[in-house]
Engineer: 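Got a structure here, written out as structure tokens. Questions coming.
In this text, all values refer to a predicted model and were calculated from it rather than measured experimentally.
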Amino acid sequence: MATANPFSDPLRFERRVPECAIVIFGANGDLTKRKLLPALYRLAHDRRLPESFAIVGNSRTAMTDEAFRERMCDSVKQFSEDTEFDPALWDRFSRNIHYVAGDMNDPALYTALAAKAEATGQKNMLFYLSTQPSYYGTVVDGLGQAGLNRCEGGWRRIIVEKPFGHDLSSAHALNQHLQQVFPERETYRIDHYLGKETVQNIFGFRFGNGIFEPLWNRRYISQIQITAAESIGVEGRGAYYQEAGALRDMIQNHLLQVMATIAMEPSAVFESDAVRDERAKLLRSIRIMKPEDVPRYSVAGQYKGFREEEGVNPQAQTDTYAAATFYVDNWRWAGVPFFIRSGKKLPKRVTDIAIQFKAAPLALFGEGSGEPNTRPNLLILRIQPEEGISLRFLSKEPGEGMRLRPVSMDFNYGTSFGERSPSAYETLLMDAMQGDATLYTRQDMVEASWKVIQPILEDWGNRKFTFPNYEPGSWGPAEADAMLGRLGLKWRNS
């Protein structure tokens, strides 16, 4: 009998996936090489996959099954950083790796895939769209016309990579298109951030500990900052990135989902629909900016040198940095600002959530006591590069007098548990094959997040910015500091 709450099941990461096959469109791309095949190999290494598990790759490049296996072998060796390569395991695993060359616009491709799928002997099948978003509709139509979207006595599911749409209207249109072939229960919109251990641990931290839940509201929390910083630039992806930008690429896709996880109400039960209902409810509660408020509550930036990147228009108005102030109009969070920022070419690679509590109501120790009220308590949830949690509070310094100094209690995921954490793609692929959609994004959540940033997109699209406006290695444009400065606040840059 299935456990209602997958996170309360001690065997969650011991269960094997059912007999099935995965078909990867765009199998010759970076995502497959760097993430998908290493994740699947690791699941095989941990004996989570059945012996009959099959992989069918597709791209336009002509190659044999054996040539594709050799490429994937090289990728597994290169990108499975924490898993020792086992030649005997690879020999068994790779026997069920197949390849079908073909253009996704060609109906003959789907006929060939149907034949290959039948040859694997698997009724259950997961389709992974690791392609350009412009091909999503084409692939779904091809699968439907070939009858690959249904199977008597088995299941068929589809995983869609980000970005899901380019704005609110395109996201809605894409969903209508997909729903004609794959209903919502069979559609899995992947967000690899939600598969990260620390993001999942937000659920456990919030709802498994009685000491924090009473404080998790506007009475005790003064602000929340969510930062996703990268020290690198676009790294050869300039042509793609100039069509997306930081607001679409990071805030809409990832960080609003992280915000929803931080701020959602507890669900009555920890089941997929119940959890996603609460995340969706939170996203719908975010105040939609009025056009006149957008310049005050959002900041666009572009690093010096972006326009010289390969494939980038010398006059590009693309945001490589985006920051915004959001408010949640509900009883728990009314009046608490949520500051979200993401950017490239910043001082370091870090993704974290900083929850700042209100200062003590009285400066009890008076002058000369150090910093009693200027350094409030801070709870930091670190998502990457090191996963963990820090709690900062004030403590008396040794010696005479009552001088206070900030100190931290730190929890590190790796050292505390002494075991390897599964990668985000391992977790998410396992969940999709087991039919657990808890960590996947539902369509109403996608559209709610687009509604939040739509006024910003429209304002920025009608405005000409003086770009570039920040130096590589800095924390972004001065306007981002001014956005918080108007509230008497600062970004946490330590």
Engineer: Listing request: all side chain to side chain donor-acceptor pair (under 3.5 Å) pairs with a residue in residues 440-458, at least two apart in sequence or in separate chains.
Structural biologist: His172-Glu447, Arg189-Gln443, Gln252-Ser449, Asp277-Arg442, Arg442-Asp444, Gln443-Glu447, Gln454-Glu458
Engineer: Can you tell me how far CD1 of Ile159 sits from CG of Leu126, rounded to the nearest 0.5 angstrom?
Structural biologist: 4.0 Å
Engineer: Where do Arg463 and Gln317 come nearest, in terms of heavy atoms and distance?
Structural biologist: O-OE1, 3.8 Å
Engineer: Against Thr351, only a single residue in Glu387, Gln384, His254 fulfils side-chain hydrogen bond (donor to acceptor under 3.5 Å, both in side chains); can you say which?
Structural biologist: Gln384
Engineer: Can you name the nearest heavy-atom pair linking Tyr135 to Asn105, along with the distance?
Structural biologist: CE2-ND2, 3.7 Å
Engineer: Evaluate the side-chain proximity of Ile353 to Ile224: yes if any heavy-atom separation is below 4.5 Å, no if none is.
Structural biologist: yes
Engineer: Can you establish whether the number of heavy atoms outside Arg60 located under 6.0 Å from its atom CZ is more than 12?
Structural biologist: no
Engineer: Should the pair Lys344 and Tyr241 be classed as cation-pi, given the thresholds of under 6.0 Å to the six-membered ring centre and 45° from the axis?
Structural biologist: yes
Engineer: Which pairs pass salt bridge (Lys or Arg N to Asp or Glu O under 4.0 Å) with one or both residues in residues 246-266, sequence neighbours excluded?
Structural biologist: Lys162-Asp249, Glu265-Arg332
Engineer: Report yes if the distance between the aromatic ring centroids of Phe203 and Phe270 is under 6.0 Å, otherwise no.
Structural biologist: yes
Engineer: Any idea which heavy atoms bring Ala323 and Met483 closest together, and the distance?
Structural biologist: CB-CE, 4.1 Å
Engineer: Between Ser474 and Pro347, which heavy-atom pair has the shortest distance, and what is it?
Structural biologist: O-CD, 3.0 Å
Engineer: Going by the angle between their ring planes, with limits at 30° and 60°, are Phe306 and Tyr303 parallel, tilted or perpendicular?
Structural biologist: perpendicular
Engineer: Any idea which heavy atoms bring Leu255 and Ile226 closest together, and the distance?
Structural biologist: CD2-CG2, 4.2 Å
Engineer: Kindly indicate whether the side chain of Val234, heavy atoms from C-beta on, has any atom under 4.5 Å from the side chain of Gln242.
Structural biologist: no
Engineer: Could you tell me whether a side-chain N or O of Thr187 sits under 3.5 Å from a main-chain N or O of Phe182, the two making a donor and an acceptor?
Structural biologist: yes
Engineer: Could you check whether any side-chain heavy atom of Leu283 comes within less than 4.5 Å of a side-chain heavy atom of Gln257, counting everything from C-beta outward?
Structural biologist: yes
